[in-house]
Amino acid sequence: MAGRINDDDVKAVRNAVPIDAVVSEYLQLRNAGGGQLKGLCPFHDEKSPSFHISPSKGFYHCFGCQEGGDTLDFVMKVDHLSFSEAVERLAAQAGITLRYEEGGYGRGSQAGERTRLVEAHRAAAVYYREQLNGPEAEIGRRFLDERGFDQDAAGRFGVGYAPAGWDHLVRHLRGKGFSDREMTLAGLAQDSRSGRPIDRFRGRLLWPICDITGEVVGFGARKLREDDNGPKYLNTPETPLYHKSQVLYGIDLAKREIGKAGRAVVVEGYTDVMACHLAGVTNAIATCGTAFGGDHVKILRRVLMDNSRSEVVFTFDGDAAGQKAALRAFEDDQKFAARTSIAITPGGMDPCDLRLAEGDDAVQALVEGRTPLFEFAIRSAVQQHNLDTAEGRSAALEEAAPIVARIKDSAIQHEYAVRLAGLLGILDTQFVVRRVGQLAKWARERAARPGPERFTRPPSAARSTAERTGPLVTGPALNLRSPAHRVERELLKLALQRPELIAPAFDAYGADEFTAPPYAVVRKAVEAAGGVGGADEEFVARVRDSAPDDTVRSLVTELAVEPLRAARAPDEVYAGMQLVAVRLAAVHARVAELEGAARRLEAQHDHERAAPLREQLWVLQQYARGLRDRGADAL
């Protein structure tokens, strides 16, 4: 059995793979200032980026859902891996050979299950690609050639061929050390009537389906022979790796162009993705045997950064089924901040057919000639009615007006209401605008009306860790509008992000100088980690390790990632201002405490005990004056 991975190797893996390089495989990142980057969180649904990473510290934190940690934490969370699986994946990426505690180098005898399934898919993909060159695969090569795909195109997309025999892949993977259980669990094999595993894909052309990082997680197989009684397309079943509602074919190849151009093109099949990419539309992707749904929306939004300048283009056949599919896409449109458009292919051709018939330029023109989805949905509704009669125009209005009313942007909603009036030939434009407005108002009222199907998100779900206390940190909730709490937070951020600016003065501060209980606990964790005077590359990790519980660890990560409030790059002057503000607040609090105690004693005529308190007061008041006059020099 495999032992635990050597601690030094784990540290080497953490340091070898930059966190921004790993995170950017999953979502689009942009500059957040102060050396920070931000993007849409992959762990919860959001429209404004609250997911921040600090490349210099190697940590991430989401200020929406409070997820945070280092590179390994991110990989474990986003890909549902165990700790050892995450280390092994990043080690392979960095070319690091791991040592296990029992001795020896390389993989332990029992790697994590998910890692094994990924490796089985990787080996299967290589095997299938090699089989495409064999004599039996002539029928598959002919299929590709008839659709305009040569050998280079097949290689670019990793297209392969599954031999027609019962257990060719099974025997091949056994020779690579994979067990029957692993092959079945991966969806590469299935049990036969005799109970022995056989290949799931036989006598078919195969496309490897990759996740956003480029790892093969499944396959799509196309029927080639008439005597094949199976479906036209057969995909990998649901497995620990493959969930059809959560994968997009081609996303690994298209993600950079999608992020760069701010546009994604959604097509219907594997060959359509190939045709688009070969025609120069390299931001094309497709669903895998299922309709475009909410999970697909989440993937695209993270890659697009989901802003009003981005766009999603759906391509559909021009027949009735294609138009119906386009209208289904309208259901998801409001989940995007991006603009959504429809490109209807001429003559019922899909992009693959269009490229074959009219060339690459026609595919590019198809995408460029797209129609806004709102307009398409409205026109589709109106065209079903006879607009030459008053009854037909009234029916068309009642069908199309609710579509316009669902547009959330009020300015766009008004513009489309005016367009609808023109489409219907209704001269009283304001009548249509009022009707749309009335429907939109009713919809808002229904949404706001309480009911069993309406749930209110707990207030804490929308608050950051800085605005609440965790289960093991007691005390009043933080009030970030309090100047004291704001400056304490800023000083702790400096301690974690720019410790050199506040060393060694910060290390003389007591935890009692931080009036917010969670901040006082973080101050203790900083002290336990050696203080800012001993800060090095591992400092933040040591502070997190010194935290008493997960709540404080999460707060440490948050403070290490959150941008500083400085208007420009923080310097010693800015750091000194925060040091002085926290110390001055502590001095004022002690002055008030001593003043109250002295007055109580003087009211009892106990001047002997009050005298030393008055002396302390005088010293503290002089110290406060020095802080106000000379700033950090008085510390």
Please check if the number of heavy atoms outside Gln151 that lie under 6.0 Å from its CD is greater than 12. no
CZ of Phe219 to SG of Cys210: how many Å apart, nearest 0.5 Å? 8.5 Å
Applying side-chain hydrogen bond (donor to acceptor under 3.5 Å, both in side chains) between Tyr161 and each of Gln131, Glu130, Arg204, Glu136, report the one that passes. Glu136
Sole residue of Arg14, Lys57, Lys11 in salt bridge (charged side-chain N to carboxylate O under 4.0 Å, His left out) with Asp70: Arg14
So, the side chain of Asp20 versus the backbone of Pro55: is there a donor-acceptor pair under 3.5 Å, distance only? no
Any side-chain heavy-atom pair from Glu215 and Arg89 closer than 4.5 angstrom? yes
Within 6.0 Å of CD in Glu146, more than 12 heavy atoms from elsewhere: yes
So, Lys255 side chain and Val303 main chain: donor-acceptor pair closer than 3.5 Å or not? no
With a 3.5 Å distance limit and no angle check, can you tell me whether His121 reaches the backbone of Leu117 through a side-chain donor-acceptor pair? yes
The criterion is side-chain hydrogen bond (donor to acceptor under 3.5 Å, both in side chains); which residues satisfy it with Arg196, sequence neighbours excluded? none
For Gly158 versus Pro208, what's the shortest heavy-atom pair and its separation? O-CD, 3.1 Å
Residue pair Leu72, Val87: steps toward the side-chain contact (heavy atoms from CB on, under 4.5 Å) verdict: CA-CA 7 Å; Leu72 288 172; Val87 175; 3.9 Å; yes
Interatomic distance, CD1@Ile299 vs CG@Leu248, rounded to 0.5 Å, equals 4.5 Å
Arg116 side chain to Glu182 main-chain N or O, any donor-acceptor pair under 3.5 Å? no
For the residue pair Pro197 and Ala189, what are the closest heavy atoms and their distance? CB-CB, 4.3 Å
Does the side chain of Leu241 reach to within under 4.5 Å of the side chain of Arg114, using non-hydrogen atoms? yes
Start with the C-alpha distance between Tyr127 and Leu173, add both sets of side-chain angles, then the distance that settles side-chain contact (heavy atoms from CB on, under 4.5 Å), and finish with yes or no. CA-CA 9 Å; Tyr127 174 78; Leu173 292 182; over 6 Å; no
Distance from Arg200 atom CZ to Leu169 atom CG, nearest 0.5 Å? 12.5 Å
Closest heavy-atom pair, Ala221 versus Phe201, reported as atoms and distance to 0.1 Å, is CB-CD2, 3.5 Å
Is any side-chain heavy atom of Glu67 closer than 4.5 Å to a side-chain heavy atom of Cys41? no
Say you draw a straight line from SG of Cys276 to CG of Leu366; how long is it, rounded to the nearest 0.5 Å? 7.5 Å
Closest approach of Ala560 to Val540 (non-hydrogen atoms, all atoms of both residues): CB-CG1, 3.9 Å
Does any part of the side chain of Leu304, heavy atoms only, come nearer than 4.5 Å to the side chain of Ile258, both counted from C-beta? yes
Could you measure the distance from the CG atom of Asp252 to the CD1 atom of Ile285? Nearest 0.5 Å is fine. 11.0 Å
Can you confirm whether Gln28 sits close enough to Pro49 that some side-chain heavy atom of one is under 4.5 Å from a side-chain heavy atom of the other? no
Stepwise side-chain contact (heavy atoms from CB on, under 4.5 Å) check, Asp350 with Val267: CA-CA 8 Å; Asp350 56 33; Val267 297; over 6 Å; no
Hey, are Arg256 and Glu25 close enough for a salt bridge, meaning a charged N less than 4.0 Å from a carboxylate O? yes
Check whether any side-chain heavy atom of Tyr26 sits under 4.5 Å from a side-chain heavy atom of Thr213, and report yes or no. yes
Look at Asp550 together with Arg553 and state whether they make a salt bridge at an N to O cut-off of under 4.0 Å. yes
Look only at the side chain of Gln66 and the backbone of Ser554, and say whether a donor-acceptor pair between them is shorter than 3.5 Å. no
Contact check, side chains of Trp207 and Val273, non-hydrogen atoms, under 4.5 Å: no
So Val281 and Asn283, do their side chains get closer than 4.5 Å, heavy atoms only? yes
Taking Thr345 for its side chain and Met349 for its backbone only, find out whether a donor-acceptor pair lies under 3.5 Å. yes
Please confirm whether the backbone N or O of Leu98 pairs with a side-chain atom of Asn6, one donor and one acceptor, at under 3.5 Å? no
Could you walk me through whether Thr290 and His296 pass the side-chain contact (heavy atoms from CB on, under 4.5 Å) test, one step at a time? CA-CA 10 Å; Thr290 185; His296 300 124; 3.8 Å; yes
Paired with Tyr128, the side-chain contact (heavy atoms from CB on, under 4.5 Å) test is passed by just one of Leu206, Leu205, Val159, namely Leu206
Might you point out which heavy atoms bring Thr71 and Val17 nearest each other, and give the distance in Å? OG1-O, 3.9 Å
Under 3.5 Å donor-acceptor, Arg141 side chain and Gly134 backbone: yes
Closest non-hydrogen atom pair between Cys288 and Val247, with its separation: SG-CG2, 4.1 Å
With a sphere of 6.0 Å drawn around NZ of Lys77, does it hold more than 12 non-hydrogen atoms of other residues, nucleotides or ligands? no
Of Glu562, Glu558, Gln36, His52, which meets side-chain hydrogen bond (donor to acceptor under 3.5 Å, both in side chains) against His61? Glu558
I need the His243 NE2 to Thr236 OG1 distance, nearest 0.5 Å. 12.0 Å
Which residue pairs pass the side-chain hydrogen bond (donor to acceptor under 3.5 Å, both in side chains) test when at least one of the two sits in residues 270-279, sequence neighbours left out? Asn235-Tyr270
